[in-house]
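Structure first, then comments.
Just so it is clear: chains get the letters A, B, ... in the order the sequence lines come, proteins before strands, and each one is counted from 1. Worth knowing before you read on, the calculation uses all heavy atoms, side chains too, and leaves out hydrogens, waters and symmetry mates.
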2 protein chains.
Amino acid sequence: MAIEARPRRQAIEDVASTLFHERGYAATSVRDIARALDIRGASLYAHVASKEEVLWAIVDRAAGAFERAADEALAATSGSGAGKRLAELVRAHVRVITADPELASVFVHEWRHLAEPRREAILRRRDAYEAHFRNLIAEGRRAGEFDAVDSRLASTFILTALNGIATWYRPAGRVSAVELANRYADLALRSVGGVAHTETSR
Amino acid sequence: MAIEARPRRQAIEDVASTLFHERGYAATSVRDIARALDIRGASLYAHVASKEEVLWAIVDRAAGAFERAADEALAATSGSGAGKRLAELVRAHVRVITADPELASVFVHEWRHLAEPRREAILRRRDAYEAHFRNLIAEGRRAGEFDAVDSRLASTFILTALNGIATWYRPAGRVSAVELANRYADLALRSVGGVAHTETSR
DNA sequence: CCTACCGATCGGTAGG
DNA sequence: CCTACCGATCGGTAGG
């Protein structure tokens, strides 16, 4: 007997990711999600408690993916200089996005449709995540590896540039995921006055 | 007899900008806009043809502001090197955002809710605008002013970082609009290997 | 997972 | 700019 490989719940989240990415959470109805799965709108509620719960599942999963990737990148480069660590952090972030751009896009753009206390919880996790970038930039600056940038401004500059990838990246595009991670790491590193490693310098 | 200084139509667009920025176009109802103006939802239609027409008015106005600012920045620096011109282009872009972050935010995030042919028209204008950045980066690269970056990737990196400002900037914040324009110009310039002028280098 | 249905709200129109 | 109203659709529930 063939068992559905991917549980229904996961299929719902995948379809919702796609639709939330394409049209946004508010412009996507529960019936839109159901239609994509060839079931009735009301049947969705056998698997999920509410539309917002689906959004939360997606946002929480994405947040977890970013957090894990950052922890790994930092653990793998502990003891290295700030430049090398920041480059690896950037690459890890880009990899999470290119691995599932729709998931990342919903995380980046639709979290504000969460109700409290989930909204607040995500804001806190985002800030903790950004702090990795902020601290590394401040550290590199103190060590003389970077220019005298404002670490808060610079980390925001870099992170919003990275998150933009979720909006336009398509796996079949001109630039591969690996190439993109390297190029973006170089752009980010240089922006704070660090040394880019991937590209040949001028 | 006191005549309303700001015509009703303008007040509608201002209120709509605020709400579209805060909750998004799809999550804002015509009645929400009316309520903020202390009139009934149906009364709005004495001044506008549709909800989408209001979105279009906002998006079109924002696009015009960006286009004018870029044209001026390029005209004012004609004959200068690519680095100087790109820095001025970045400053102009940031200034448009800080002058009216809500307007800019709706332009950046909500244009996709436009129906054809407006949606397509805005996409074309966005691409023409981005070309200014792209071309300047390619030029600076050829001139040996910048590193060997991919001009398409680098212009996207920079522009998405700049547009992020519309999401978080508040006039009462830590960093003034002028300071922000200068710091972001430096970050952008350095990201392509150009020389930052505003900050003291390491 | 279905049918049948709920009250609320949506964008918008008619006719003053 | 109002009241009164339109058909369509919304998220969600009851009861199989």
Looking only at the side chain of [X] (C-beta and beyond, no hydrogens), which of the listed nucleotides [options] gets closest?
{"X": "A/R31", "options": "C/dC2, C/dC10, D/dG11", "value": "D/dG11"}
{"X": "B/Y45", "options": "D/dC10, C/dT13, D/dG12", "value": "C/dT13"}
{"X": "B/A42", "options": "D/dA14, D/dT3, C/dC10", "value": "D/dT3"}
{"X": "A/S29", "options": "C/dC10, D/dC2, D/dG11", "value": "D/dG11"}

Self-check item: Stem segments of DNA chain D by first residue number [Watson-Crick or G-U, under 3.5 Å, at least 3]
Solution: C:1-16 with D:1-16
Quiz item: So which pairs with a foot in residues 162-187 of chain B pass ring pair (Phe, Tyr, Trp, His ring centres under 6.0 Å), sequence neighbours left out?
Solution: A/F157-B/Y184
Quiz item: Taking OP1 and OP2 of D/dT3, is either one under 4.0 Å from a side-chain nitrogen or oxygen of B/R40?
Solution: yes
Quiz prompt | Any B/R8 side-chain nitrogen or oxygen under 4.0 Å from OP1 or OP2 of D/dC1 | solution = yes
Quiz item: Just checking, B/R126 and B/F107: is the charged tip under 6.0 Å from the six-membered ring centre and within 45° of the axis?
Solution: yes
Self-check item: B/Y129 ring center within less than 6.0 Å of B/H93 ring center
Solution: yes
Show me the donor-acceptor pairs within less than 3.5 Å that the side chains of residues 67-75 of chain B make with the rest of the protein, sequence neighbours left out.
unit_1 : atom_1 : unit_2 : atom_2 : d
B/E67  : OE1    : B/R125 : NH2    : 3.1
B/E67  : OE2    : B/R125 : NE     : 2.9

Practice problem: For B/R9 and D/dC1, give me the distance from atom CZ to atom P, rounded to whole Å. | Solution: 13 Å
Quiz prompt | Option among B/L44, B/V48, B/I39 that satisfies the side-chain contact (heavy atoms from CB on, under 4.5 Å) test with B/R8 | solution = B/I39
